[in-house]
Number of protein chains: 2
Amino acid sequence: MRADAQRNRERILDAAEEVFTHRGTAASTEEVARLAGVAIGTVFRHFPTKDDLLAAILKRLLARLAGDAATLGGADGLHVFFRRLVEQAAAKRTVVDLAGVSVPAAVGQLGEAVGELLRQAQAAGTVRDDVRRPEVMALLVSVCQGALQGGWDVELQERTLAVIFAGLAA
Amino acid sequence: MRADAQRNRERILDAAEEVFTHRGTAASTEEVARLAGVAIGTVFRHFPTKDDLLAAILKRLLARLAGDAATLGGADGLHVFFRRLVEQAAAKRTVVDLAGVSVPAAVGQLGEAVGELLRQAQAAGTVRDDVRRPEVMALLVSVCQGALQGGWDVELQERTLAVIFAGLAA
DNA sequence: TACCATAATGAGTCGAGACTCATTTTCCAA
DNA sequence: TTGGAAAATGAGTCTCGACTCATTATGGTA
């Protein structure tokens with residue numbers, strides 16, 4: 001791939017993440033192009049459809065989250081990750097709006113990472129043994145959705161997470 | 001209001017609820033008109049903008065939920081209501097997609113009803129005393145969102161609700 | 001440097017869907 | 001029954017955004 005093409009691809013991805021995570025996926029490709037400083041045609045050369053572009057940034061986003069999760073661990077790693085993710089969701093429109101687009105591989109990667117955090121928390125006795133990964137993921141997604149949509153303040157977020165953490169606790 | 005106008009208004013609301021709760025709010029007004037058996041112009045005569053139509057069915061929906069909640073009570077009224085709402089959300093796109101449209105009065109009414117269920121559950125000792133209404137509402141909305149989006153099966157739904165109920169329990 | 005394959009450009013096409021309005025139809029009060 | 005106000009009709013307008021492509025520019029190689 002030529003150097004300019006490589007550079008533009010990165011710029012477009014950065015711009016797309018910025019635009020879509022703030023304005024939602026309804027934002028126009030035109031706007032992404034403008035922010036990236038390229039012509040609209042260039043965006044479509046790199047990502048033939050808008051969905052391709054969405055899938056690409058979702059993949060990057062999930063990979064980053066999985067990487068984040070991998071650096072955590074121990075008794076409260078799961079709790080830290082949970083809180084961090086919810087905070088992000090409330091500020092931006094991260095995972096939430098992108099739900100329609102599916103990137104199974106990337107989701108799987110995140111699932112693995114969360115599973116590991118769960119295992120460690122259970123080993124440390126912070127989380128009940130009969131809790132499994134699927135419901136943890138379900139809660140994670142749900143609360144991110146809720147936080148984004150409801151515009152929670154810090155206190156509400158804390159109180160809501162407190163209920164969930166109590167439900168997970170041994 | 002003339003009799004035919006009254007009749008059409010009802011038909012349009014019913015059709016709109018059917019269409020929007022199944023296809024999401026992106027469905028076209030055209031489709032609503034077709035299902036209602038009226039011309040597109042008639043829809044716009046009754047509801048000048050699409051948002052007006054969305055607000056109208058959201059209001060009806062919330063009022064109905066509040067009515068539902070009012071018939072419940074006792075030790076597990078809150079739990080029943082919670083489960084029922086999540087089941088609905090998973091099947092249809094009820095409250096979820098309509099989040100953008102705000103009908104404060106209707107939301108307040110539902111909040112009152114949920115608050116009453118919470119009070120009764122606490123009186124019966126089913127729910128911890130330090131849990132308050134806002135986080136219950138937040139959890140309710142979150143889980144509905146998650147259920148809709150994730151396409152949960154029955155088991156996942158049960159396991160997820162189990163965590164939340166455990167978190168609420170005394 | 002000269003060449004050309006690769007990439008960028010952006011005006012233009014296309015379709016979809018919200019909304020309009022001149023015309024026709026329907027209700028209902030007198 | 002009938003006059004006319006209220007309501008319904010639906011083809012048409014308008015806007016917006018995804019996507020195209022003929023043309024121009026550019027990076028890299030011989």
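Convention: sequence-line order gives letters A, B, ...; per-chain numbering from 1.
Taking atom CZ on B:Arg34 and atom C1' on D:dT9, their separation rounds to 16 Å, with Å as the unit. In this structure, B:Ile40 places its CD1 atom 12 Å from P of D:dA11, rounding to the nearest Å. Distance CD (B:Glu31) to P (D:dG10): 18 Å, rounded to an integer number of Å. For the pair A:Asp52 CG and D:dC19 C1', the interatomic distance rounds to 12 Å; values are reported in whole Å. The CZ atom of A:Phe47 sits 16 Å away from the P atom of D:dT20 (whole-angstrom rounding).
Ion pair A:Asp153/A:Arg159 not flagged as a salt bridge, since none of the NZ, NE, NH1 or NH2 atoms sits closer than 4.0 Å to an Asp/Glu carboxylate oxygen. The pair B:Glu31-B:Arg34 fails the salt-bridge criterion, with no side-chain N (NZ, NE, NH1 or NH2) lying under 4.0 Å from an Asp/Glu carboxylate O. Salt bridge B:Asp4/B:Arg11: absent, no basic N to carboxylate O contact under 4.0 Å.
Residue A:Glu17 forms a salt bridge (charged side-chain N to carboxylate O under 4.0 Å, His left out) with just one option from A:Lys59, A:Arg64, A:Lys92, A:Arg23, and that option is A:Arg64.
Closest approach to the B:Phe44 side chain among D:dG27, D:dC19, C:dT20 is made by C:dT20 (side chain taken as heavy atoms from C-beta onward).
Atom CZ of B:Arg132 sits in a sparse spot, with 12 or fewer heavy atoms from other residues, nucleotides or ligands closer than 6.0 Å.
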Between the protein and nucleotides 15-17 of chain C, are there any N/O to N/O pairs under 3.5 Å, and if so, what are the atom names and distances?
none

Give me the distances for all protein-to-nucleotides 1-8 of chain D N/O pairs that come in under 3.5 Å?
unit_1	atom_1	unit_2	atom_2	d
D:dA6	N3	B:Arg2	NH1	2.6
D:dA7	OP2	B:Arg45	NH1	3.1
D:dA8	OP1	B:Asn8	ND2	2.5
D:dA8	OP2	B:His46	NE2	3.4

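The shortest side-chain heavy-atom distance between A:Arg2 and A:Asn8 does not fall under the 4.5 Å cut-off. Residues B:Leu161 and B:Arg83 are in side-chain contact: their nearest non-hydrogen atoms beyond the backbone lie under 4.5 Å apart. Between A:Val141 and A:Gln145 there is a side-chain heavy-atom pair separated by less than 4.5 Å.
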